[in-house]
Amino acid sequence: MRIRTHILVAAFAAMFLATALPSFAVSKEMIQLQTQVQALQDQVARMQQSMDMNMGVVKNLVEQSADSVNKMNAAVADMQSKMQGLSSENNGKIDQLSTQIQSLHDSVDELKSRLAAMSKQLNDMQQAGQNLNPGQPGIAPAPGGGAPAPGGSGPDAAAAAAAPPPDTLYNNALRDYNSGKYDLSSQEFGDYLKYYSNTELAGNAQYYLADIEYRQGNFEAAVKDYDKVLEQYPGGSKAAAAQLKKGFALLELGQREAGIRELNSLIARYPRSIEASQARERLRRLGVSSGGAVHRPPSQ
């Protein structure tokens, strides 16, 4: 914008001097102004060329990330298909594949976050390139074409402005979760929900908060936070996992019938999911048929 402003000022100055001086007298100042205008136009052209090269690199990165996400999704689908064909005797393999699928889901979430960040960067660079036209130095950008200034005031607005970008905050939280740094990860996922509660990955962040509580043995709090996933993000990618782990948490709390109802509800809602397979296996261990009633031990 500063370059375009300088070009406009130089151009208007040149026009003014051209009208003020006789046509047969070209002053030294006029020549200098024309030289400056030409130099500015050359500089804008070089900047445009550099931005075109950068956009090409970003496009290549976006395409590579999209390919990685597609491969991950194909791998997850293949593992889910294999797990559905396993019998109840392969409990060890089911647990192993479940862990692998969870890791793949986490990797896909991280790749999606990076892809969204690179797509935003590409759009910003394309918008900047449209605002720089080296052949038209006298045309000013349309009003309101710049980025909006951050709104709001007060401590909350200042804290939001100082927060890391959403993809950075989410990736850091996910990395710490996978590394077993649950306290730090919980704080980071909490910050993500505080500042970016309306993003695509907000439901995942809420799920990981609940899962951290589950892993730390705080089953009562985990049930409440799994409910938030189911109620606030019912269409999210972690809905089935949240309902499964809610059922497990209820069982850990000794609420056997409530846990069984939750697992049966999961099977009815997501019958072909890997979480449904895990729910059926857990019910089998409890002596309950899928969709059936609880088999109570005979009274003495």
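The cationic atom of Arg215 (NZ for Lys, CZ for Arg) does not lie both less than 6.0 Å from the six-membered ring centre of Tyr182 and within 45° of the ring axis.
Residues Ile212 and Ser186 share a closest heavy-atom pair of CD1-N, 3.7 Å. Contact record, Phe189 with Leu174: CZ-N, 3.7 Å, taken as the closest heavy-atom pair. Across Ser197 and Ala202, no two heavy atoms sit closer than the pair O-CB, 3.3 Å. Residues Leu193 and Gln206 approach most closely at CD1-OE1, 3.3 Å, considering heavy atoms. Between Leu266 and Ala276, the shortest heavy-atom distance links the atoms CD2-N, 4.4 Å. Contact record, Ala239 with Tyr270: CB-OH, 3.5 Å, taken as the closest heavy-atom pair.
Considering CD1 of Ile267 and CD of Gln278, their distance stands at 11.0 Å, rounded to 0.5 Å. With rounding to the nearest 0.5 Å, the separation of NZ in Lys194 from CG in Leu169 is 11.5 Å. One finds the CZ atom of Arg280 at 10.0 Å from the CG atom of Asn264 (value rounded to the nearest 0.5 Å). Rounding to the nearest 0.5 Å gives a distance of 8.5 Å between CG of Leu283 and OG of Ser289. With values rounded to the nearest 0.5 angstrom, Gln38 atom CD is found 8.5 Å from Thr35 atom OG1. Between the CG atom in Leu286 and the CG atom in Leu251 there is a gap of 5.5 Å [rounded to 0.5 Å].
Counting only N and O atoms by type, the side chains of Asp211 and Tyr226 include a donor and acceptor under 3.5 Å apart.
With respect to the salt-bridge test (charged N to carboxylate O, under 4.0 angstrom), the residues Arg46 and Asp42 do not qualify. Electrostatic pairing of Lys224 and Asp227 does not count as a salt bridge here, judged by no charged N lying under 4.0 Å from a carboxylate O. Under 4.0 Å is where a charged nitrogen must lie from a carboxylate oxygen, and between Glu281 and Arg284 at least one such pair does.
Environment of CD in Gln49: sparse, with no more than 12 heavy atoms of neighbouring residues, nucleotides or ligands closer than 6.0 Å. Around the CD atom of Gln32, the shell of radius 6.0 Å holds more than 12 heavy atoms that belong to other residues, nucleotides or ligands.
Hydrophobic clustering, with ILVMFWY side chains joined whenever heavy atoms are under 4.5 angstrom apart, keeps Tyr170 apart from Leu184. Ile260 and Leu230 fall into different hydrophobic clusters, where Ile, Leu, Val, Met, Phe, Trp and Tyr are joined by side-chain heavy atoms under 4.5 Å apart, directly or via other members.
Phe219 is linked by a ring-ring contact (aromatic ring centres under 6.0 Å, His included) to Tyr214, counting only residues two or more places apart in sequence or in another chain.
Considering only heavy atoms from C-beta on, Asp183 comes within 4.5 Å of Gln216 through its side chain. Within the 4.5 Å cutoff, side-chain heavy atoms of Asn204 are placed close to those of Leu201. Residues Leu40 and Val44 have side chains not in contact (no heavy-atom distance under 4.5 Å, counting atoms from C-beta outward).
Under a 3.5 Å cut-off, the side chain of Ser185 and the backbone N or O of Asp176 do not form any donor-acceptor pair.
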Candidate pair Tyr192 and Thr199, rule side chain to side chain donor-acceptor pair (under 3.5 Å), full reasoning: CA-CA 9 Å; Tyr192 187 93; Thr199 62; 2.7 Å; yes
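Within the structure, salt bridge (charged side-chain N to carboxylate O under 4.0 Å, His left out) pairs that include any residue of residues 261-270 comprise Lys246-Glu262 (at least two apart or interchain).
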